[in-house]
Amino acid sequence: MYDVTIIGAGIVGTSIARELAKYELKTALVDKENDVSNGTTKANSAIVHAGFDCKPGTVKAETNVKGNALYEQLCKELDVPFKKIGSFVTAFNEQDLAHLKFLKRQGEANGVAGLEILSRDEVLNREANLSREVLAALYAPTAGIVGSFELAIALAENAADNGVDIHLNSPVTAIEKTAHGYRLTAGENIIESRYVINCAGLYADKINNLVNEPYFEILPFAGEYNLFDRSTGDYLNTIVFQPPSDKGKGVVALPTVEGNFLIGPTSEGPKERDDVKTTSKGIQELREKGMKVVPDFPFHKVITSFTGLRAKTPDNDFIIDKPAGSPRFINVAAIDSPGLTAAPAIAEKVVQMVKDSHGFLVENVDFIPFRRPVNRFIEAPAEEKAKLINYDPRYGRIICRCENITEGDIVDMIHRNAGAETIDGVKRRVRAGAGRCQGGFCAPRVMEILAREMNVDITSIVKDKKESYLLTGETKAPAKEFV
């Protein structure tokens with residue numbers, strides 16, 4: 001019997017799992033995918049928003065500002081890259097400028113610190129590559145960038161280090177109420193649990209409806225992105241938003257925490273829950289809108305395009321509540337932007353709800369907040385590199401030439417809790433395959449390493465999803481047959 005079962009291992013589910021690990025609870029984290037962070041979390045802007053664009057009084061406003069304040073310490077504890085680089089919302093005419101003033105007032109009402117409206121000259125002095133047509137910009141110094149899936153992976157790893165059980169490839173297909181809580185059918189597992197926390201993202205309404213009366217519907221909206229080569233990573237120093245529209249925050253241009261450059265997203269929907277196609281229309285829209293703020297940007301240096309889906313509802317606010325008649329079932333749904341920013345604060349809010357329902361929770365005095373540091377061989381000083389190679393010679397073998405990732409880096413990430421088991425799982429943890437060639441050179445070696453370290457046949461290694469096989473068998477007989 002688990003005390004708490006969390007459904008969904010994205011940024012919110014993993015945040016809640018780690019927060020619950022601070023207490024003496026038996027906790028399970030289940031997900032239908034074969035890795036954590038395999039839904040919305042792996043395909044978004046990776047921005048830690050300041051909180052000026054949330055309507056005051058909403059759950060979004062509350063958790064955005066609180067979550068933003070928690071990021072620096074959280075990422076330090078989990079050894080996850082985070083940079084507080086600030087953001088601009090640009091204005092190109094008087095109507096845009098009026099909206100900047102509205103956003104500043106709204107942000108101040110939400111408790112966002114340090115907001116300023118900068119003149120054209122002040123903006124261009126900070127960002128020389130911005131369009132000369134810019135009139136002004138709202139500056140938010142507390143905005144930042146983070147590795148979104150790196151953070152979710154680190155949260156899951158740290159939660160597991162502290163006793164949380166993780167069940168992947170475990171889609172929840174049935175939930176029954178019992179005398180002591182709930183019985184879940186999750187893949188091949190039957191899980192008994194006193195509490196259930198529904199963080200199922202695009203499928204949160206479906207999960208709720210397995211045991212509760214329907215009262216919300218998830219509307220998936222797709223956003224396409226272009227990711228550019230590292231040679232463009234210093235084109236801007238700041239996150240640059242265009243004036244927002246009724247579709248959302250609009251197309252944004254920003255450096256990534258890994259050193260690349262990102263432009264996106266578009267906004268199209270509602271869509272099917274698995275529709276992550278990229279389109280020529282989307283690519284053209286990103287180029288046209290991107291050129292509005294960075295007209296001379298080298299768009300030809302794109303290395304990949306991708307689409308992320310966001311879970312919305314018509315109310316445009318997060319749903320964090322208990323359905324009628326289910327006091328031990330908590331829905332954490334419709335977590336679209338700024339869900340990544342809000343996740344640490346959402347976790348605290350949900351755990352407080354469990355406390356309120358349970359009466360009290362006993363603190364786990366053995367909780368370890370710090371994740372074992374990531375070696376990142378290529379970033380280490382020469383003396384540390386020598387020590388790593390002496391400890392394990394595999395740190396001396398480069399596998400990914402684009403990102404200079406070693407075999408030792410990869411092996412370490414395979415054998416951690418919530419470790420890599422797929423090609424993209426390695427990519428998300430250590431960036432092998434994330435560079436200019438997008439795995440064209442290193443993918444076969446990564447597959448060999450995964451197969452060897454997990455002691456499985458190489459044909460069972462997949463790219464990402466459970467059925468995304470790259471190999472089905474040999475194309476010719478082994479050489480020994482011709483001897």
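- Side chain of Asp79 to backbone of Val374: a donor-acceptor contact under 3.5 angstrom is found.
- Every residue two or more places apart in sequence or in another chain was checked for a ring-ring contact (aromatic ring centres under 6.0 Å, His included) with Phe52, and none qualifies.
- Side-chain contact between Leu151 and Tyr71 is present, with at least one heavy-atom pair separated by less than 4.5 Å.
- Counting heavy atoms from C-beta outward, Ile47 and Leu340 have side chains that stay 4.5 Å or more apart.
- Judged by distance alone, with hydrogens and angles left aside, the side-chain atoms of Asn44 form a donor-acceptor pair with the main-chain N or O of Thr40 at under 3.5 Å.
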Worksheet item: Are Thr238 and Glu127 close enough, and set up right, to give a side-chain hydrogen bond (donor to acceptor under 3.5 Å, both in side chains), and what steps lead you there?
Response: CA-CA 8 Å; Thr238 312; Glu127 294 290 358; 2.7 Å; yes
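- Annotation: side chain of Ile303 is in contact with side chain of Gln438 (closest heavy-atom distance under 4.5 Å).
- Rounded to the nearest 0.5 angstrom, Asn226 CG and Glu285 CD are separated by 11.0 Å.
- Counted within 6.0 Å of NZ on Lys466, heavy atoms from surrounding residues, nucleotides or ligands total 12 or fewer; the atom is thus considered open.
- Every residue was checked against the salt bridge (Lys or Arg N to Asp or Glu O under 4.0 Å) condition with Glu150, not counting sequence neighbours, and none meets it.
- Residues passing the side-chain contact (heavy atoms from CB on, under 4.5 Å) test with Phe149, sequence neighbours excluded: Ser37, Lys42, Arg428.
- Looking only at distances, a side-chain donor or acceptor of Lys60 sits under 3.5 Å from a matching main-chain atom of Ser337.
- No side-chain heavy atom of Thr459 sits less than 4.5 Å from a side-chain heavy atom of Ile461.
- Ser45 pairs with exactly one of Ile145, Val251, Val252 by the side chain to side chain contact (heavy atoms under 4.5 Å, CB included) rule, that one being Val252.
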Fill in: Audit row: Lys76, Glu72, salt bridge (Lys or Arg N to Asp or Glu O under 4.0 Å) steps and yes/no
CA-CA 6 Å; Lys76 182 179 180 181; Glu72 194 159 8; over 6 Å; no
Discussion item. Glu77 vs Gln73, test: side-chain hydrogen bond (donor to acceptor under 3.5 Å, both in side chains). Steps then yes/no.
Written reply: CA-CA 6 Å; Glu77 290 177 353; Gln73 180 61 28; 3.1 Å; yes
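- Using a 4.5 Å cut-off on side-chain heavy atoms (C-beta onward), Phe370 and Leu78 make no contact.
- Between Arg429 and Asp35 the shortest side-chain heavy-atom distance falls below 4.5 Å.
- Between the side chains of Asn260 and Arg230, no donor-acceptor pair of N or O atoms lies under 3.5 Å.
- No donor-acceptor pair under 3.5 Å is formed between the side chain of Ser357 and the backbone N or O of Val354.
- A side-chain donor-acceptor contact under 3.5 Å links Thr14 to the backbone of Gly10.
- To the nearest 0.5 angstrom, Phe377 atom CZ is 12.0 Å from Glu379 atom CD.
- Not counting sequence neighbours, the partners of Val411 by the side-chain contact (heavy atoms from CB on, under 4.5 Å) test are Arg394, Glu407, His415, Ile449, Arg452, Glu453.
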Worksheet entry | Derivation of the salt bridge (Lys or Arg N to Asp or Glu O under 4.0 Å) call for Glu157 and Arg371 | CA-CA 8 Å; Glu157 180 186 325; Arg371 176 196 190 201; 3.1 Å; yes
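- Heavy-atom minimum distance, Ile405 versus Ala432: CG1-N, 3.9 Å.
- A side-chain donor-acceptor contact under 3.5 Å links Asn162 to the backbone of Ile368.
- Remark: side-chain polar atoms of Asp229 are not paired, donor with acceptor, to backbone N or O of Arg436 under 3.5 angstrom.
- At a cut-off of 3.5 Å, with distance as the only test, no side-chain donor of Thr27 or Tyr2 sits close to an acceptor on the other residue.
- Every residue meeting the side-chain contact (heavy atoms from CB on, under 4.5 Å) condition with Ile166, not counting sequence neighbours, appears here in chain and number order: Leu29, Ala156, Ala160, Leu168, Ala418.
- For the side chain to side chain contact (heavy atoms under 4.5 Å, CB included) criterion with Leu184, the lone passing option out of Asn189, Thr5, Ile190 is Thr5.
- More than 12 heavy atoms of other residues, nucleotides or ligands sit less than 6.0 Å from atom NZ of Lys385.
- Side-chain contact, Asn208 with Asn331: a donor N or O sits under 3.5 Å from an acceptor N or O.
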Fill in: Check against side chain to side chain contact (heavy atoms under 4.5 Å, CB included), Tyr235 and Phe228
CA-CA 11 Å; Tyr235 201 83; Phe228 297 86; over 6 Å; no
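- Here Asn209 pairs with Pro214 under the side-chain contact (heavy atoms from CB on, under 4.5 Å) rule; sequence neighbours left out.
- Just one of Leu309, Ile218, Leu219 meets the side chain to side chain contact (heavy atoms under 4.5 Å, CB included) condition when paired with Arg273; it is Ile218.
- Side-chain contact check for Val196 versus Ile7: some heavy-atom pair is nearer than 4.5 Å.
- In this structure, Arg401 places its CZ atom where only 12 or fewer heavy-atom neighbours from other residues, nucleotides or ligands lie under 6.0 Å away.
- Using cut-offs of 30° and 60° for the angle between ring planes, the Tyr225 and Phe306 rings count as parallel.
- A distance of 8.0 Å separates CD1 of Ile16 from CD1 of Ile330, quoted to the nearest 0.5 Å.
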Item to complete: Show your working on ring pair (Phe, Tyr, Trp, His ring centres under 6.0 Å) between Phe297 and Phe261 and close with a plain yes or no.
Response: CA-CA 10 Å; Phe297 184 79; Phe261 198 85; 4.7 Å; yes
Worksheet item: Can Tyr195 and Asp3 be said to form a side-chain hydrogen bond (donor to acceptor under 3.5 Å, both in side chains), step by step?
Response: CA-CA 6 Å; Tyr195 291 85; Asp3 294 301; over 6 Å; no
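- Within a 6.0 Å sphere centred on NZ of Lys206, other residues, nucleotides and ligands contribute 12 heavy atoms or fewer.
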Worksheet item: Does the pair Asp161 and Arg416 meet the rule for a salt bridge (Lys or Arg N to Asp or Glu O under 4.0 Å), with working shown?
Response: CA-CA 9 Å; Asp161 288 347; Arg416 288 172 178 250; over 6 Å; no
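- With rounding to the nearest 0.5 angstrom, the CD atom of Glu62 is 9.5 Å from the CG atom of Asp317.
- Using modelled atom types, one side-chain atom of Thr406 and one backbone atom of Asp409 make a donor-acceptor pair closer than 3.5 Å.
- Salt-bridge check for Lys271 with Glu268: failed, with every basic side-chain N at 4.0 Å or more from each acidic carboxylate O.
- At a cut-off of 3.5 Å, with distance as the only test, a side-chain donor of Thr279 or Glu224 sits close to an acceptor on the other residue.
- Within 6.0 Å of CD in Gln352 there are more than 12 heavy atoms belonging to other residues, nucleotides or ligands.
- Using a 4.5 Å heavy-atom cutoff, the side chains of Phe221 and Pro270 are in contact.
- Using modelled atom types and a 3.5 Å distance limit, the side chains of Asp464 and Thr422 yield no donor-acceptor pair.
- If you check the side chains of Lys355 and Tyr23, you find a donor sitting under 3.5 Å from an acceptor.
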